[in-house]
Amino acid sequence: MRDQTIESNRGVVWVLVALLVGVATSGAIAQPESWAWVSCASPAFSISAPAGWTVQPVSERGAKLVGPAGALVVEVVAWDALRPPASAAEAVREHEGLLVRAMDYSRRSEEPVQTVDGDDAVIVTGLARANGIAQASVFCAYGNEGKHWVVGAFCAEEMLAGLRAELFDVMMRSFRPGVTELVAPPVEPPVVEPPVVPPVEPPVTPVVDPGPMEPVPGEVATGVPPADDRPPGELTVTGHTEPLLPTTEPGEATWGQVRDETGFAVSLPGDWRMSVEEGRIVAAWEHDAEAPRLVVWWPLAGAAEASAEEVSRLLALVPQTGGELTGLVRTVGENGAAAWRGWTASGMDLLASYATEDGDGLLVAAMAPAETMAEHLPELSRIAASMQPGQWRVGAEEGVDFLGDNGLVKWRAPQGWQSRGGARSENDRVSIEIEAMLAGSGRMRLAWRQPIRPAFRNLTALLASLGWREGETYADNNSATGMMVYRRRDPRGMVEDYLLGQHPQALTDLSVRPFDAEAGIAGLLAGDDASGQAIVVHGDSRDGERERLYLVATARAEPPLLSTCWEAAELRVDAPAGSLAEGIEALRALVASAAPAEGAPATITAALNDMIGRAERALRAIPDELTERPAATETVSVLEQQAGEGGREWKIPAGALGAWE
């Protein structure tokens, strides 16, 4: 599973969601002796921070504020407001919407505050659990000139109160979005209590408890912060963005062999990563996004001869080339191996080799900025020549039966897919929530939520007059988690305003194509005023063009929530462009295989059978044009081929790596 980012038809919301493991958990953070104003140019902001802290921008989407020796990281994130005008309250709603989707998150407190400039902001604390780790969450949200901002961090629960008093609250109230001038606003001097010497023997160094502290711009530090020789903390990514790794000193990285789940192995420096993308194996340098360099191996079945036209066509299919090549010429090295040289539409120098043998082929390409290609060519060649093929298994296993959470429903995932979820019964209300993921070159995702739980509390005029806002949690005596306050949407509004924002993979340059309302899709819910619709969303992502089909229904909730609440349900397919029909086929197979588990109570069994039947009827309502599969391409990746029960051994064609030795 590769989760990415939250998304919207109004722009990408970048939210850095990382739990700090072993960073703010092993000891107290030293009380800062002085504060200073620091700033970032893109995105533009200023903030007051203790002496010794640094600002490290992150590709125009935010920045990280790093304490001395990397002991603590505070993240700053900016994104265009999904539904302008921007406000602190809306920023909270959008950010928490992602937190809830990305992990087990619950809010603890919400505190409206004002910044030093008198602007409205909201400080929110919560508890986040992911990968078996529980951490306290604290962030402050702001709205400024069409943008939403979040300044936040994670820490151990027992340290949150102290860190807020000593650090977080001061930083968050000083935040100035859109401002880079380091001019300090007037502040009150800090209140410092007299030192207290604990009555123990032998005497220990007095501990100063200064209480809440405001930033003191311009004050000169009277000492040097104590050295912190702890190693930088490891960041575990639980959300949908790239990790913010601790800063490392320049120098030669340690090399090691990296083996992918497909069986292939390559040698990489420590700051490189390998993944499988659209049937290609990609190794990329992750240290600096502004100076990318990468190596691509594409094992091919039914490969054609190495003509200039075929090499150019294949290389143009590699997303990192930008879909266009210029100046592609063939050269022959001293060892007789052929290589191809050219430039990509994305502005990188490209060097490639391509060899075929007995219907199998290997295309290898290395790319780097033109001005640094000569400098990095030895490293790229070493990486490219290190390829070691092996056995891989694709779809070799029969379908696997999954017994869902709570042991109420079972289903069978398509071959090669992973799946999770199940059914639950809460106060006689049964719901299904199942996800299935296909890793590797196909990279698809299915979802079945019928209905989405808990139900939504409609934001009525009365609730609005009492100060309730969309996105807040409404206490429900019949639910352990409460309901989200949200005005009822029609199916398209539900997709654009809510479901797109929940999906873990971001799409940009969106196009939304709704089909006619369909009673079969409305039947996902039992409400007497249900409406349902098929909606296709197309857009770009980090993995290339994507297509997404939503079958969405909304309706008044069933009794006893009928008068005040409403429900929604979704069946969803997310697939690479051109593969939507294949994903629909997989979703139909998953739903058709679902059944109540043996031993489930009779009332739950009856409810599940009814819901499964409704889902099957909704799938039959998909427009025929969406289920027509395109003809197979002439050249396909080896990794997309079926393998026998014992896997398949692929051998590198002779001379395929000759240009890199």
A.B. asks: Students often mix this up, so state it plainly: with edges at 30° and 60°, are the rings of Y142 and F175 parallel, tilted or perpendicular?
C.D. replies: tilted

A.B. asks: Are R457 and W468 in a cation-pi setup, meaning NZ or CZ lies under 6.0 angstrom from the ring centre and within 45 degrees of the ring axis?
C.D. replies: no

A.B. asks: Considering non-hydrogen atoms only, spot the tightest contact between S531 and A522 and give its length.
C.D. replies: C-CB, 3.6 Å

A.B. asks: Do W448 and I612 touch side chain to side chain, with heavy atoms closer than 4.5 Å?
C.D. replies: yes

A.B. asks: Could you tell me how the ring of W79 sits relative to the ring of H148: parallel (under 30°), tilted (30 to 60°) or perpendicular (over 60°)?
C.D. replies: perpendicular

A.B. asks: Looking at R469 and E110, is any side-chain nitrogen of the basic one under 4.0 Å from a carboxylate oxygen of the acidic one?
C.D. replies: yes

A.B. asks: Name all residues meeting the side-chain contact (heavy atoms from CB on, under 4.5 Å) criterion together with A519; count only those two or more places apart in sequence or in a different chain, and write none if there are none.
C.D. replies: none

A.B. asks: Using a strict threshold of under 4.0 Å (side-chain N to carboxylate O), is an ion pair present between E111 and R164?
C.D. replies: yes

A.B. asks: For a 4.5 angstrom cut-off between non-hydrogen side-chain atoms, does H503 reach L499?
C.D. replies: no

A.B. asks: Do the side chains of R588 and E585 get close enough for a salt bridge, i.e. N-O under 4.0 angstrom?
C.D. replies: no

A.B. asks: Do the charged groups of R449 and E435 touch, with an N to O distance under 4.0 Å?
C.D. replies: no

A.B. asks: Which heavy-atom pair separates P57 from S42 by the least distance, and what is that distance?
C.D. replies: CB-O, 4.3 Å

A.B. asks: Does the pair R487/E470 count as a salt bridge with the N-to-O cut at 4.0 Å?
C.D. replies: yes

A.B. asks: So does R176 pair up with D117, basic N to acidic O under 4.0 Å?
C.D. replies: yes

